[in-house]
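Notes follow once the structure below has been shown.
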Amino acid sequence: MAYDHKRIEEKWRNEWRKRGTYHVDNDTAKPKYYVLDMFPYPSGAGLHVGHPLGYIASDIVARFKRHSGFNVLHPMGYDSFGLPAEQYAIQTGQHPAKTTEENAARYREQMDRIGFSFDWDREVRTSNPDYYKWTQWIFLQLFNSWYDPKADKARPISELIARFESTGCQGQDAEVLTGDVEEAMGPFTAAEWKSFSERTQQMVLQHFRLAYLSDAWVNWCPALGTVLANDEVKDGVSERGGHPVERKRMPQWSMRITAYAQRLLDGLDELDWTTSMKEAQRNWIGRSTGASVKFAVDNDYIEVFTTRPDTLFGVSFITLAPEHVLVGKYTTDAQRAEVEAYVKAATNRSERERQAEVDKVTGVFTGSYAKHPFTGADIPVWVGDYVLAGYGTGAVMAVPGGDQRDWRFAKHFNLPIIAVTEGADIGKEADERKDAVICSEGFLKGLKVADAIPRAIQELEKLGAGEGRINYRLRDAAFGRQRYWGEPIPIYYKDDIPYPLPESELPLVLPEVDKFLPTETGEPPLARAKNWSYEGMPLETTTMPGWAGSSWYFLRYMDPKNEGRFASPEAINYWQQIDLYMGGSEHATGHLLYFRFWTKFLFDQGLIPFDEPAKKLVNQGMIQGTSKKAYALALLSHGTVGANVEFKLIETDRLPRVLVPKRIYESWGTLNEADRQAIVDVEERLRTIGKEQTPGASGYLMATGAYEFHVDIRLVDDKTNELNLDGFRTSRPDYSESIVLENGPYITTSEVDKMSKRWMNVVNPDDIIEKYGADTLRLYEMFLGPLEQSKPWDTHGIEGTSRFLKKFWNLFFESDVISVSEEAPTEAEQKVLHATLKKVTEDIGKMSFNTSVAQFMIAANELGALKCHKRDILEPLTIALAPFAPHIAEELWSLLGHSDSITTAKWPQWHARFLEESNFSYPISFNGKTRMHLEFPVGLSKDEVESAVLANPEVQQRLEGKTPKKVIVVPKRIVNIVV
RNA sequence: GCCCGGGUGGUGAAAUGGUAUACACGAGGGACUUAAAAUCCCUUGGUCCGUAAGGGCCGUGCGGGUUCAAGUCCCGCCCCGGGCACCA
């Protein structure tokens, strides 16, 4: 019987479904293991061969763990709220729910064909009301919580209110004012709190809630009509769609993730994540230690943050961000016009412009002076857009002698540059060395930077002019979207004050709207909904961002159908953290940070018993595509237009395109004689055609160069790179008449690119499965190289894994008849088996799947050579192969006479006794270069090996009578003779 | 600029400091076949010497170093990929 992948794979797909093979129970005595893939957004394009890479790897681990006696949770679902479906809805009027449903169905079909062991009974979709009911519920918990810096955890807001009622808000309590709402809110007494109006009380509480509404600087994207998070903005444009983004201040729902900055940082230490992933998060959180310093201005002060309080004596001016609230206050009347013009210009500059013009120094003097806390000197206060409103206090103390940006600013505006360190050449540049010695006159003189910093802080604290301070780059996360296709925020407004919807009202279901666009007055689409109110009070109209649903989904899989709770405590206690989380490294600072934040919050609430979601994280690399590129001539028609002459140019658009070799594209300008002549000829030909097409046309036509463009890889022969010209002309109307410069076949060039529809280089897994089968695809994806590395897809190579499966299959057959003998295996056969079991078991632990597949190939080759058809060898090998190639393994397992699924089989143990060798062939090297081999029994001692080697005539011959200086013998490894 | 990865045959790649290039693709040669496909076998880092058997030399981005021994460890560069960036 020949290996028929279609029959076998279809058969087992159906069997598995019928038998519920991958159904997972929560109550079992077995130890648990939780393997999770980052769930996909179901896009309209479907999966390409790059997508399943991580899913295959995690599926292998899941199956391996099952064989090893674990109860494995390995679920899949969809991150199904998101912009593309909504964009599509706006264009076509189709409800996003409908396209989402269709896309998810297509994903499911594709995933099913690959043979994943997902328990689909546990599928979650973030856009299902059953699911987002609990996303909304968690939002309410966040809204009803504040962060207590003393207890270092989130606590119910009711406790804070109780405290305000008994002791008011004093001292340290004010420290919870983190993030963008860092506004001066003075202390108040209990009596004052009680005297506040309801409205004032609610306003105060907004400063403490973990989900809060405030005026915040946001990334506003007019084209998308929405606010974007920092990580959704790349180079000043939206990550999706590339639309311009501007800074704008508007009322905005935010999440106080900054309260968790330190814990998010500390938590990284214990995680088994890659260093690059942890570093990306550390950078993003951006902790810096330093001091806050107050510079008095009349009866008020400017507060700055600095990491270098040791350079305080070098301060020669203060710079405020243009957006700083104090700018208006400190601008003198004489300077007002100039400052206001500058501020206006600076705020209108886009992020992109500010970034592009790093070298351009701009700024303006406010006319005011601050007092230096140590010297009492007058320090001029400037405004400069190199200072960012959103970092630190939005103001810096400028030390041109110690900071290059300050130095440039000082140089440009001719401000004093004071040396702060010994040996600095401040005429040329600032001295930013951290190992320098301070030279300023006073108590810091002669101290090293590291010692001067604490000393300066000490002095500041003594004077009450500042204190040690830790600052984070991390910002609070924008949580509202002016969009339709997202979770409604369960908030209603009474007198413009937000109130939480009662839990009994959840889920707050996304309403129907007539159009998915903002209203005429610029309100979000939800404002179009009829009766969008709660007991007559208006409901919130923004929706949650994409990361809301994905921040806790791993918990829902544990108990996906629970109607009374997001997941039962029993299920959570059993499944605990994710043991292995697989996904793309692009989520480093987005999803993975929010996901950790929500987990810590739920932990603080006592809702879950752990505060990190995923113990181990593995990033699969990207599978790149191979693009095929063609080159064509760029044509220009020209002529001299006489004043009174009716004149028609040849219409280049209507001319046939001319395909040219890459050589011509690259060497335009230095073309060889033959190519030049060929182009002259073709220009002539086109001119003739052009004049026929456009009667009366005159003037000239010439090629001005060549351009490259992508052609669909399906139109190119893999091996020869020859373009299928007929297919090309049919599929591309603009090239329908195209001709090839040198008659004959047209040869394209190959290039490795990101795999995407746009580059027409997408390889669809369905096509591969149709031809080779899912097991071959799975093996091949793993065989390509190390999981975490990016690598180009090359369909050719798949032949190797396909041949392997045929060879493996044939081990069970003789003349197409199943033939497995019960005979006892030989030593050689046992050795092949156990070497393979050892390698594969160890490799799965290291997630080194490419080398496991290679080992299976070696085993099949060797057993083929040994003509081994023995059950005792083949049966364990089949179990070991099952995680990688489940369909063929299941089929062979049943042919071996088993009625249970192979997934229930116990993982075969390898035994060292089968791998022991009696002899070892020592490489004998002279001065480190291997020259010969000598075989000795493994039991021989170092000395015995040495004397045996030296006694060997061939060795003696090479020594030419000399005595070796040294002989190194490493048992069972190498002998090195130093001459 | 700073922080992470990574550079090994024609290609994807393998290698606890111990025989560099396992496994696979591609290429070349052969067997089977009327033929093709499929399958199987052999060769395949470069270079030099030799009719041959065989042997020499060079080789893991570049330059140094440590070591009996370096793709692997250390120092200094170059290149590629990713992340962050007037961050005070």
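Numbers restart at 1 for each chain; the letters A, B, ... are given by sequence-line order, proteins then strands.
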Inset, instruction - Taking atom P in both U19(B) and U34(B), compute the distance separating them and give it to the nearest angstrom. - result: 49 Å
Inset, instruction - Scan Lys965(A) against the nucleic acid and name what it touches under 4.0 Å (heavy atoms): base, sugar-phosphate only, or nothing. - result: nothing
Inset, instruction - Classify the nucleic acid contact of Ile968(A) as base, sugar-phosphate or nothing, counting any heavy atom under 4.0 Å across all strands shown. - result: base
Inset, instruction - Can you tell me, in whole Å, how much space there is between the P of A36(B) and that of A52(B)? - result: 32 Å
Inset, instruction - For Asp310(A) and A88(B), give me the distance from atom CG to atom C1', rounded to whole Å. - result: 13 Å
Legend entry - Aromatic ring proximity, centroids under 6.0 angstrom, Phe409(A) and Phe317(A): yes
Inset, instruction - For nucleotides A15(B) and G59(B), find the distance between their P atoms and express it as a whole number of Å. - result: 24 Å
Inset, instruction - Please state the P separation for the pair A22(B) and G10(B) - nearest whole angstrom. - result: 14 Å
Legend entry - Base C68(B) to side chain Asn976(A), donor-acceptor N/O within 3.5 Å cut-off: yes
Inset, instruction - Report yes if a donor N or O on one partner sits less than 3.5 Å from an acceptor N or O on the other, where the partners are the side chain of Arg282(A) and the base of C3(B); otherwise report no. - result: no
Legend entry - Check ion pair Glu842(A)-Lys838(A) (N to O, under 4.0 angstrom): yes
Inset, instruction - For C42(B) versus G81(B), give the span between their P atoms, rounded off to a whole number of Å. - result: 41 Å
Inset, instruction - For C75(B) versus U66(B), give the span between their C1' atoms, rounded off to a whole number of Å. - result: 11 Å
Inset, instruction - Remember a base hit wins even if backbone is also touched, and classify Gln404(A) as base, sugar-phosphate or nothing at under 4.0 Å, heavy atoms. - result: nothing
Inset, instruction - State the syn/anti category of G9(B) according to its glycosidic angle, syn meaning within 90° of 0. - result: syn
Inset, instruction - Answer yes or no for Lys278(A) and Trp273(A): cation-pi contact, defined as NZ/CZ to six-membered ring centre under 6.0 Å and angle to ring axis within 45°. - result: no
Legend entry - G-U wobble or Watson-Crick pairing nucleotide for G81(B) (cut-off 3.5 Å, both distances): C4(B)
Legend entry - Distance, C1' atom - from C73(B) to A85(B), rounded to whole angstrom: 33 Å
Inset, instruction - Remember a base hit wins even if backbone is also touched, and classify Val970(A) as base, sugar-phosphate or nothing at under 4.0 Å, heavy atoms. - result: base
Inset, instruction - Could you measure between the two P atoms, the one in G71(B) and the one in C58(B), and give it in whole Å? - result: 13 Å
Legend entry - Ring centres under 6.0 angstrom apart (Phe808(A), Phe856(A)): no
Legend entry - U72(B): pairing nucleotide in any strand, Watson-Crick or G-U under 3.5 angstrom: none
Inset, instruction - Find the partner of A31(B): check Watson-Crick (N1-N3 plus N6-O4 or O6-N4) and G-U wobble (N1-O2, O6-N3) distances, both under 3.5 Å, and reply none if neither fits. - result: U39(B)
Legend entry - Distance, rounded to the nearest Å, where Lys434(A) contributes NZ and C2(B) contributes P: 12 Å
Inset, instruction - Find the partner of G54(B): check Watson-Crick (N1-N3 plus N6-O4 or O6-N4) and G-U wobble (N1-O2, O6-N3) distances, both under 3.5 Å, and reply none if neither fits. - result: C49(B)
Legend entry - Heavy-atom protein contacts under 4.0 Å, nucleotides 20-27 of chain B, coded B base, S sugar-phosphate only, - none: --BBSS--
Inset, instruction - Assign each of Val978(A) and Val975(A) to its nearest nucleotide of RNA chain B by heavy atoms, then name whichever residue's nucleotide is nearer the 5' end. - result: Val975(A)
Legend entry - Charged N-O contact under 4.0 Å between Asp310(A) and Lys434(A): no
Inset, instruction - For the pair Glu917(A) and Lys972(A), find out whether any cationic side-chain nitrogen is under 4.0 Å from an anionic carboxylate oxygen. - result: no
Inset, instruction - Find which nucleotide of RNA chain B each of Thr275(A) and Ile974(A) is nearest to by heavy atoms, and output the residue with the more 5' nucleotide. - result: Thr275(A)
Inset, instruction - Using a heavy-atom cut-off of under 4.0 Å over every strand shown, decide if Arg931(A) touches base, sugar-phosphate, or nothing. - result: sugar-phosphate
Inset, instruction - Please state how far atom CD in Gln789(A) lies from atom P in G7(B), giving the value in whole angstrom units. - result: 7 Å
